[in-house]
Amino acid sequence: MPELPEVETIKRTLEARIKGLSVVSAEIFLPKLIRMPGVEEFKALLTGRKFLSLERRGKYLLLRLSHGLVMVIHLRMTGRLVYLPASADMAPHTHLIINLDDGCQMRYSDIRRFGTVSLVPASELDKLSGLRSLGKEPFDREFTRGYLLKQLHSHRVILKTLLLDQSFIAGLGNIYADEVLFRARIHPQQRSNMLTQRQSARLFHAIREVLTEGIENRGTTLRDYVDGEGMAGNYQNLLKVHNRENQPCSVCSTNIVRLRISGRSTYFCPYCQRM
DNA sequence: AAGCGGTCCTGTGTGC
DNA sequence: TGCACACAGGACCGCT
């Protein structure tokens, strides 16, 4: 499940490969993948354009092209975006191939077909509702301890649910939300408006530290994730609670517990993260 | 009006 | 051994 560290790693690895390359042609095998515009228009618009730079916003990848166009990709659960020689074996579930002018390809594959790709003028990025409603970036200067505390106290939602809300904060998913709460020593079912200033400060630092470590370790590969060069991440070896039900806590040896919170598995240490 | 549950999807793991 | 089915979850939509 690509979250902020995974998308950031894809951004960095892919940018090193495709920056400055132009699109020779595009092949689409799953029409519904292309959210905007239509499939034929997508191909026509894309052909001949040059990749200028890549950006990440939350879990969205933004590929800036010549003529003011932006390709916006969301990988959702199992999407992969990989740069490969045209001769490389075709992965199953490859839905989009972009032929590049160095003879290589950028391929999008997605087992569960949840991902989306759009191609819009930069001036129309606001038409993409998910992107438009994203909350602050965790590494933005405007994301401060004071801001977080104010936001927490303006909601009274269960904290885990709030951390997964992309309009609250951009980029956290199920894995990193669990790790952040463990680092901050806060129970995932704590109500956001009940957090103390001290807890909020711990949460603030935990968000930045966990995401930084995730990026430094090139993301988490539990199953499907690979970067723009097809390489798995390493952070799965450093997870403290996520996916570790009934294993001893690394701090206190209490067994990690799994709960269901708003339909998502949530892992935490009942001793370190008591209410 | 915030918050919950259903939906989209397919591969994997479990139980009989 | 083979089958059936629950489960995994990010974002979005509709309902309350």
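Each chain gets a letter, A, B and so on, in the order its sequence line appears, and its residues count up from 1.
For residues 69-82 of chain A, every residue pair satisfying the side chain to side chain donor-acceptor pair (under 3.5 Å) rule, not counting sequence neighbours, is listed here: A:Thr78-A:Asp110.
Two residues are said to be in side-chain contact when any heavy atoms from C-beta on lie closer than 4.5 Å; A:Lys160 and A:Leu259 fail this criterion. In this structure, A:Met106 and A:Leu63 have side chains that are in contact, with non-hydrogen atoms separated by less than 4.5 Å.
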Which atom pairs link the protein and nucleotides 6-9 of chain B when you take only N or O atoms and keep those under 3.5 Å?
from: B:dC9; atom 1: OP1; to: A:Lys32; atom 2: NZ; distance (Å): 2.7
from: B:dC9; atom 1: O4'; to: A:Arg112; atom 2: O; distance (Å): 3.4
from: B:dC9; atom 1: O2; to: A:Arg112; atom 2: NE; distance (Å): 3.0

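Using a 4.0 Å cut-off, some side-chain N or O of A:Gln166 falls inside it from OP1 or OP2 of C:dA11. One finds no side-chain N or O of A:His155 lying less than 4.0 angstrom from the OP1 or OP2 phosphate oxygen of B:dA2. Between A:Ser265 and the phosphate of C:dG9, there is a side-chain N or O to OP1/OP2 separation shorter than 4.0 Å. OP1 or OP2 of C:dA8 lies within a sub-4.0 Å distance of a side-chain N or O belonging to A:Arg260.
Residue A:Arg191 is classed as having no contact, given no heavy-atom separation below 4.0 Å to the nucleic acid.
Remark: C1' of C:dC7 and CG of A:Leu222 are 15 Å apart, rounded to the nearest angstrom. If you take CE of A:Met77 and C1' of B:dT10, they are 11 Å apart, rounded to a whole angstrom. The distance from atom CG of A:Asp224 to atom P of C:dG10 is 13 Å, rounded to the nearest whole Å. Protein atom CD of A:Glu245 is 12 Å distant from nucleotide atom P of B:dT14, rounded to whole Å. Residue A:Ile158 contributes atom CD1, which lies 11 Å from atom P of B:dG5 at whole-angstrom precision. Rounded to whole angstrom, the span from the CG atom of A:Leu162 across to the C1' atom of B:dG3 amounts to 12 Å. In this entry the distance linking OH of A:Tyr225 with C1' of C:dG10 reads 17 Å, nearest Å. Rounded to a whole Å, the CZ atom of A:Phe168 is 20 Å from the P atom of B:dA1.
Stacking of A:Arg274 on the aromatic ring of A:Tyr271 is recorded, both the 6.0 Å distance cut-off and the 45° axial limit being met.
In this structure, A:Arg132 places its CZ atom where more than 12 heavy-atom neighbours from other residues, nucleotides or ligands lie under 6.0 Å away.
Side chain of A:His93, nearest nucleotide from B:dT10, C:dG10, B:dG3: B:dT10. Residue A:Arg156 has its side chain nearest to B:dG3 when only B:dG3, C:dG10, C:dC12 are considered.
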Task: side chain to side chain donor-acceptor pair (under 3.5 Å) assessment of A:Thr13 paired with A:Tyr83 - done: CA-CA 9 Å; A:Thr13 49; A:Tyr83 170 89; over 6 Å; no

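Take the nearest nucleotide of DNA chain B for A:Arg223 and for A:Gly263: the residue whose nucleotide is more 5' is A:Gly263.
Panel note: side chain A:Glu27, backbone A:Ile98; no donor-acceptor pair is recorded below 3.5 Å.
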